[in-house]
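The next block holds one structure in the form of structure tokens; read it before the comments.
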Amino acid sequence: MARAAVLHAVGDTELDLRDDVGTVDAGPDQVKVSIKATGVCHSDLSVMTGVLPMPIPVVLGHEGAGVVTEVGAHVTNVQVGDHVVVNWSPDCGKCPECLRGEPYLCMAFIGATFTEARFTSDAGPVFGMAGCGTWAEEIIVPFQGVIKVAEDVPFEYAALLGCGIPTGVGAAINTAKVKPGSKVAVVGAGGVGLSVIQGAKIAGASTILAIDPNEAKHPIAKQFGATHTATLENLDETNGLLTLGQGFDYVFEVVGKSAAIQTAWGVTRRGGDVIVVGAGAADDNWQQSAFSLLFEGKSLKASLYGGCDLKRDIPMFVDLWRAGRLDIDSLITRRIRFEDLNDAVQALNSGEQIRQVVLFD
């Protein structure tokens, strides 16, 4: 038995930090991973509030890294002892989406998230968030749900390669395909928003505007590559100064709110791209007139998991980190222990931290 953070009901503000949770047995196509580091992501909070539906009870966490401790008989991509990043959206490689080169849209394993418990406890079976549940010392995932990573990458960095970095950097590089010299705006300067800013900088954007109502985040955004910052109150003025009121080439929404999509749409130039990165609620609708959709020529794009193929992109992110072009360390503003998770959830809810990482002994 091991430690795990369990959510028993949507709306609970505290997790049940248990020490009697074990994994189910690994199947022939599955891998057991000893989690060494796991991030505290806003999507975890969204499960607690019901914005992202998950079966209950559930071990939270989806952004993690660790060491393979057991492999099924059919597993060939990793072996015991390998360091791995957890891929919370594993791809089958066979479906139409995978064959089109869109593994981030693969639905092959989604159903099992809601039907197959990944953990056992004295209180009964427990599900894993996104089929993972990385806020636990051990997890069971399909072999497609782990990506081998070089052993010189610290586990706390590798954990962020499982969600925040690919979601943000990938949105700029893969989804938007930001062009050198272009003008970019990012609505929301949280952990993923800062990764979008880094991605835009890596891609060669000449102007990067970070938009966030919390002015305390503005200097942090500049540290990660933003050239300018704005609040909602001075956004029109800033847009006028930076683009002569024409708008930005690419605008990223990284909040998960319809109002933020509208803000992004409003500062996008005619013919520009609005990229939705944030995970919003199913009943939070956004609308735009048919006239504007046609005559303004703007494109609205979804960026799920940063449009990443983690098998391809994690080695690229590691190379960028080694070259000093991707700052992972500064994204981690707090390193905590398992017993601090409830406090970490409160800090996440209040927006006090960029990324908190749980380090397991």
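Note that the structure is a prediction, hence the values are computed from the model and not measured.
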Is there a side-chain contact (heavy atoms from CB on, under 4.5 Å) between Val254 and Thr167? Walk through the geometry before answering. CA-CA 10 Å; Val254 202; Thr167 299; over 6 Å; no

Grouping I, L, V, M, F, W and Y whenever their side-chain heavy atoms are under 4.5 Å apart, do [X] and [Y] come out in a common cluster?
X      : Y      : result
Leu293 : Val274 : yes
Met48  : Val10  : yes
Val358 : Val58  : yes
Val31  : Leu161 : no
Ile261 : Leu209 : no

Not counting sequence neighbours, list each pair that qualifies as a ring pair (Phe, Tyr, Trp, His ring centres under 6.0 Å) and has a residue in [range].
range            : answer
residues 206-236 : none
residues 248-275 : Trp265-Trp286
residues 107-152 : none
residues 156-176 : Tyr157-Trp321

In this structure, are over 12 heavy atoms from other groups packed under 6.0 Å from [X] atom [atom1]?
X      : atom1 : answer
Asp25  : CG    : no
Met107 : CE    : no
Lys217 : NZ    : yes

Could you walk me through whether Lys257 and Asp284 pass the side-chain contact (heavy atoms from CB on, under 4.5 Å) check? CA-CA 7 Å; Lys257 299 285 186 181; Asp284 186 13; 4.2 Å; yes

Taking [Y]'s backbone N and O only, do any of them form a donor-acceptor pair with [X]'s side chain (distance below 3.5 Å, no angle check)?
X      : Y      : value
Thr243 : Gly240 : no
Thr333 : Ile354 : yes
Glu63  : Gly164 : yes
Gln144 : Cys92  : no
Thr23  : Ile139 : no
Glu137 : Asp19  : no
Glu116 : Arg118 : no
Asp249 : Gly272 : no
Asn174 : Gly306 : yes
Ser182 : Lys179 : yes

How long is the span from the [atom1] atom in [X] to the [atom2] atom in [Y], to the nearest 0.5 Å?
X      : Y      : atom1 : atom2 : value
Ser89  : Ile110 : OG    : CD1   : 5.0 Å
Thr13  : Asn349 : OG1   : CG    : 9.5 Å
Cys98  : Asp91  : SG    : CG    : 4.5 Å
Asp236 : Asn239 : CG    : CG    : 7.0 Å

[X] and [Y]: which non-hydrogen atoms are nearest, and at how many Å?
X      : Y      : value
Ser121 : Val126 : OG-CG2, 3.9 Å
Asp327 : Gln198 : N-OE1, 2.8 Å
Ala344 : Ile336 : CB-CD1, 3.5 Å
Ser43  : His62  : CB-CE1, 3.7 Å
Val86  : Cys132 : CG1-SG, 3.7 Å
Ser206 : Thr227 : O-CG2, 3.9 Å

With the side chain counted from C-beta on, respond yes when [X] and [Y] share a heavy-atom pair under 4.5 Å apart, and no when they do not.
X      : Y      : answer
Leu300 : Gln288 : no
Lys36  : His83  : no
Lys183 : Leu242 : no
Leu17  : Leu15  : yes
Val149 : Ile147 : no
Thr238 : Leu241 : no
Trp88  : Cys41  : no
Val357 : Phe155 : no

Please name all residues satisfying side-chain contact (heavy atoms from CB on, under 4.5 Å) with [X], sequence neighbours left out, ordered by chain then number.
X      : result
Asp12  : Leu7, His8, Ala9
Lys177 : none
Ala347 : Arg334, Glu352, Gln353, Gln356
Asp82  : Val68, Val78, Gln79, Val84, Lys148

Is the shortest side-chain N to carboxylate O distance from Asp340 to Arg337 below 4.0 Å?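 Answer for the salt bridge query: no.
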
If the threshold is 4.0 Å, N to carboxylate O, is there a salt bridge linking Arg335 and Asp329? yes

Pairs where residues 122-134 contributes a residue and the test side chain to side chain donor-acceptor pair (under 3.5 Å) is met, not counting sequence neighbours: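 Listed once each, the pairs are Thr38-Thr134.
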
Which atom pairs, donor and acceptor, lie under 3.5 Å between side-chain atoms of residues 187-197 and protein residues at least two apart or in another chain?
residue: Ser195; atom: OG; partner: Gly191; partner atom: O; Å: 3.4

Arg3 vs Glu339, test: side-chain contact (heavy atoms from CB on, under 4.5 Å). Steps then yes/no. CA-CA 10 Å; Arg3 294 176 294 174; Glu339 54 268 25; 3.9 Å; yes

side-chain hydrogen bond (donor to acceptor under 3.5 Å, both in side chains) involving Asp29 - partner list, sequence neighbours excluded: His74

Start with the C-alpha distance between Val40 and Leu341, add both sets of side-chain angles, then the distance that settles side-chain contact (heavy atoms from CB on, under 4.5 Å), and finish with yes or no. CA-CA 8 Å; Val40 181; Leu341 260 172; 4.1 Å; yes

Those residues that, when tested against Arg100, pass salt bridge (charged side-chain N to carboxylate O under 4.0 Å, His left out) (two or more places apart):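 Only Glu97, Glu102 meet the salt bridge (charged side-chain N to carboxylate O under 4.0 Å, His left out) criterion with Arg100.
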
